[in-house]
Protein chains: 2
Amino acid sequence: MNTAEEVHDFVNKGHEQYLPHLSIDCVIFGYHERQLKILLIQHHGHEEWMLPGGFIQRHETLTEAAYRILAYKTGISDLFLQQFYTFGDSAARLNRIAIQQIHNKTYAKVGVTLDENHWLAERTLSIGYYALVDYSNVVVRPEFLVDEYAWRDISDIPALQYDHNEIIDKALLTLRAQLYQQPIGSNLLPEKFTLPEVHDLYETILGRRFDRRNFRKKLLALGLIRQLNEQRKIGPHRSPNLYEFDLDNYHRALNEGAALVL
Amino acid sequence: MNTAEEVHDFVNKGHEQYLPHLSIDCVIFGYHERQLKILLIQHHGHEEWMLPGGFIQRHETLTEAAYRILAYKTGISDLFLQQFYTFGDSAARLNRIAIQQIHNKTYAKVGVTLDENHWLAERTLSIGYYALVDYSNVVVRPEFLVDEYAWRDISDIPALQYDHNEIIDKALLTLRAQLYQQPIGSNLLPEKFTLPEVHDLYETILGRRFDRRNFRKKLLALGLIRQLNEQRKIGPHRSPNLYEFDLDNYHRALNEGAALVL
DNA sequence: GCAAAAGTGTTCACTTTACACCCATGT
DNA sequence: ACATGGGTGTAAAGTGAACACTTTTGC
């Protein structure tokens with residue numbers, strides 16, 4: 001939503017287009033310079049940050065909704081996107097007065113006050129999706145109600161609105177559990193990358209250290225990566241070899257669940 | 001719901017008590033005689049079977065709703081219950097006319113016809129939970145709209161209503177994946193059990209064979225089971241030893257995720 | 001020549017797998 | 001005594017973990 005008019009439309013007629021009681025919240029993991037970050041937004045009139053999200057259109061499938069929202073927020077459509085949990089327990093989701101107040105702060109910008117039976121003020125369960133993106137590919141789209149965007153390091157997430165901290169915790173748990181079973185990486189790295197880059201990616205996401213030699217052996221043994229006959233120049237140091245993912249083996253491993261990590 | 005009156009109330013005023021657009025469907029796995037079965041129900045007036053399920057009350061949390069529904073259907077409250085996915089993609093969920101017709105078949109029993117704006121006829125996403133129960137502990141509760149209950153072997157599931165076959169497939173996948181990471185069994189077996197019983201349980205759920213000797217070694221090495229000084233009489237054969245789960249280690253392994261299986 | 005980062009192989013310990021014979025029980 | 005199912009140990013292979021020195025590069 002980019003104009004006050006669109007926001008008015010959404011508030012007044014959104015329930016015709018979208019399903020009430022349900023939202024999608026996205027934990028967008030971006031990796032950059034050995035740091036794992038999450039995209040947060042700050043709505044107008046709020047101190048607290050929150051996860052980007054959206055609603056499900058009545059005519060679209062749930063998966064379509066998730067991809068649409070992600071593409072809208074990040075401009076990326078070819079990404080790793082995974083539903084991980086549906087949240088409906090938090091006290092913050094059951095307290096309608098609090099929810100109404102939060103919305104009213106936001107929509108004050110367009111001079112709207114929701115009454116307590118407004119569709120946006122109703123109890124809403126949230127379906128959590130997480131995405132893995134190459135940080136540097138993301139061009140965040142400005143929106144009328146969003147004052148600020150920020151990539152926050154996962155070790156530095158502030159207190160968020162609703163139960164969004166809990167959602168992030170669960171997303172991280174799921175991401176790490178899946179990383180132990182499935183190779184993830186082709187979405188977080190450029191097409192050609194160096195071994196230290198994949199290595200750092202895994203160490204960062206999992207918060208553990210891996211022996212460089214063993215790590216390389218494993219990736220090669222699984223056939224996930226292929227060494228190229230090129231190097232990268234990185235200043236006053238030895239030039240690292242470039243590698244690429246072997247996407248055939250990579251996707252086979254995704255499906256079969258290869259134990260990637262040592 | 002046990003009377004026509006309660007059903008009327010539900011149809012006419014259910015939207016005051018329950019959240020629309022959302023339901024919970026339960027895949028209840030029961031293990032018996034080396035067979036893994038799923039509890040199915042058949043609504044009045046229908047050929048097709050379906051999964052037992054229910055709606056979320058406006059004032060209760062999602063988890064509370066799941067336990068309430070399970071306890072209501074099976075009479076069991078101490079069970080392993082796990083949310084595994086939320087379904088909102090199937091064409092069967094988007095076709096409102098088909099949904100309306102299905103409901104009308106059911107509620108014909110109480111002489112009700114839903115119009116197309118009825119809350120039950122709206123698009124509904126389903127949050128899938130699976131449960132593991134000891135088959136022999138379940139006393140299925142009769143309900144007014146439910147003609148039949150059946151434990152169906154997982155290799156013999158008929159075509160079900162809506163996308164319930166897909167839900168079962170996903171539940172099985174998740175159950176098996178979790179079984180590889182977490183020990184599950186204390187809910188599917190009596191307190192005291194023999195090694196062949198656990199062994200068969202695992203072979204049945206995972207659809208693989210395990211070497212008896214290695215299987216025992218593994219369970220004992222992980223400290224998950226304890227051998228008792230008792231045997232069971234099983235007719236004209238050697239009496240097998242009884243074991244019990246070491247619940248301390250068992251729950252530690254549940255949390256930490258011990259690689260149980262060979 | 002030196003500082004910084006990348007490259008590479010071997011050994012040891014442990015875990016997983018494979019495998020076959022004897023024992024207990026009831027009829 | 002026999003049919004049926006349960007009990008048990010050992011050896012070989014494979015996998016994971018530990019470990020340190022050399023090479024390249026730019027300044």
Side-chain angles (χ1 to χ4, degrees), chain A residues 33-35 179-181 183 189-190 192-204 206-244 249 253 256-262, chain B residues 33-35 179-181 183 189-190 192-204 206-244 249 253 256-262:
Chain A
E33 302 205 333
R34 308 196 181 185
Q35 305 247 290
L179 206 56
Y180 275 104
Q181 288 213 325
L189 290 170
K192 297 175 180 181
F193 51 86
T194 67
L195 260 185
E197 284 170 344
V198 220
H199 181 241
D200 289 341
L201 170 68
Y202 272 81
E203 288 195 341
T204 304
L206 293 174
R208 286 183 43 191
R209 318 213 42 116
F210 298 102
D211 183 275
R212 300 203 320 269
R213 291 160 281 195
N214 296 336
F215 188 79
R216 173 166 174 274
K217 262 181 288 178
K218 187 79 187 211
L219 256 57
L220 288 171
L222 289 170
L224 293 175
I225 61 174
R226 233 191 327 256
Q227 185 164 346
L228 300 171
N229 216 345
E230 298 174 63
Q231 286 78 36
R232 172 174 293 161
K233 291 260 177 282
I234 54 160
H237 310 299
R238 178 167 182 173
S239 307
N241 286 318
L242 286 172
Y243 292 79
E244 64 182 7
N249 280 327
E256 291 173 9
L260 177 64
V261 182
L262 311 168
Chain B
E33 302 207 333
R34 306 195 181 186
Q35 305 247 291
L179 206 56
Y180 275 104
Q181 288 214 326
L189 291 170
K192 297 175 180 182
F193 50 87
T194 68
L195 260 186
E197 284 170 344
V198 222
H199 181 241
D200 290 341
L201 170 68
Y202 272 81
E203 288 195 340
T204 304
L206 293 176
R208 287 182 44 192
R209 318 212 44 115
F210 298 102
D211 183 274
R212 289 186 354 247
R213 291 162 280 197
N214 297 336
F215 189 79
R216 171 165 176 274
K217 263 181 287 177
K218 186 79 186 211
L219 256 57
L220 288 170
L222 289 170
L224 293 174
I225 60 173
R226 235 192 325 258
Q227 185 165 349
L228 299 172
N229 215 346
E230 297 175 64
Q231 286 78 36
R232 171 174 294 163
K233 291 262 178 278
I234 54 160
H237 311 299
R238 179 168 180 174
S239 308
N241 286 317
L242 287 172
Y243 293 79
E244 63 182 9
N249 280 326
E256 291 172 10
L260 177 64
V261 183
L262 311 169

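Letters A, B, ... are given to chains in the order of the sequence lines, protein chains preceding strands, and every chain is numbered from 1. Just so you know, these numbers use all the heavy atoms, side chains as well, and skip hydrogens, waters and symmetry mates.
- Atom CZ in A:Phe215 sits roughly 17 Å away from atom C1' in D:dA18 (whole-Å rounding).
- Counting atom types as modelled, A:His237 pairs no side-chain N or O with a base atom of C:dA5 as donor and acceptor under 3.5 Å.
- Residue A:Arg213 has no polar side-chain atom (N or O) positioned under 4.0 Å from OP1 or OP2 of D:dA18.
- Between the CD1 atom of B:Ile234 and the P atom of D:dA3 there is a distance of 18 Å, given to the nearest Å.
- At a threshold of 4.0 Å, the pair A:Arg226-A:Glu244 counts as salt-bridged, since one of the basic side-chain nitrogens sits closer than that to a carboxylate oxygen.
- To the nearest 0.5 angstrom, A:Ile225 atom CD1 is 10.5 Å from A:Asn241 atom CG.
- Atom P of nucleotide C:dG26 and atom CZ of B:Arg232 are separated by 15 Å, given to the nearest angstrom.
- Remark on DNA chain C: of its neighbouring residues A:Asn241 and B:Lys233, the 5'-side contact belongs to A:Asn241, judged by nearest-heavy-atom nucleotide.
- Ring geometry for A:Phe193 against A:Tyr243 counts as parallel: the plane angle stays under 30°, on a 0 to 90° scale with 60° as the upper cut.
- Counting any heavy atom pair closer than 4.0 Å across all strands shown, B:Arg212 reaches a base atom.
- Rounded to an integer number of Å, the gap from CZ of B:Arg238 to P of C:dC21 is 17 Å.
- In this structure, A:Ser239 and B:Pro236 both approach DNA chain C, and ranking their closest nucleotides by distance from the 5' end singles out A:Ser239.
- Once rounded to the nearest 0.5 Å, the distance linking CG of B:Asp200 with CG of B:Leu189 reads 10.0 Å.
- Nearest-nucleotide mapping onto DNA chain D: of B:Leu195 and A:Gly235, the residue sitting toward the 5' end is B:Leu195.
- Distance CD (A:Gln231) to P (C:dA5): 19 Å, rounded to an integer number of Å.
- Distance, A:Arg209 CZ to D:dC19 P: 15 Å, rounded to whole Å.
- Checked against D:dG9, D:dG7, C:dA6, the side chain of B:Asn214 finds its nearest nucleotide in D:dG9.
- Remark: C1' of D:dA17 and CZ of A:Arg216 are 18 Å apart, rounded to the nearest angstrom.
- Remark: aromatic rings of A:Tyr202 and A:Phe210 are distant, center separation not under 6.0 Å.
- For A:Lys217 and C:dG9, the shortest distance from a side-chain N or O to OP1 or OP2 is not below 4.0 Å.
- Separating the CD atom of B:Glu33 from the P atom of D:dG5 is a distance of 14 Å, rounded to the nearest angstrom.
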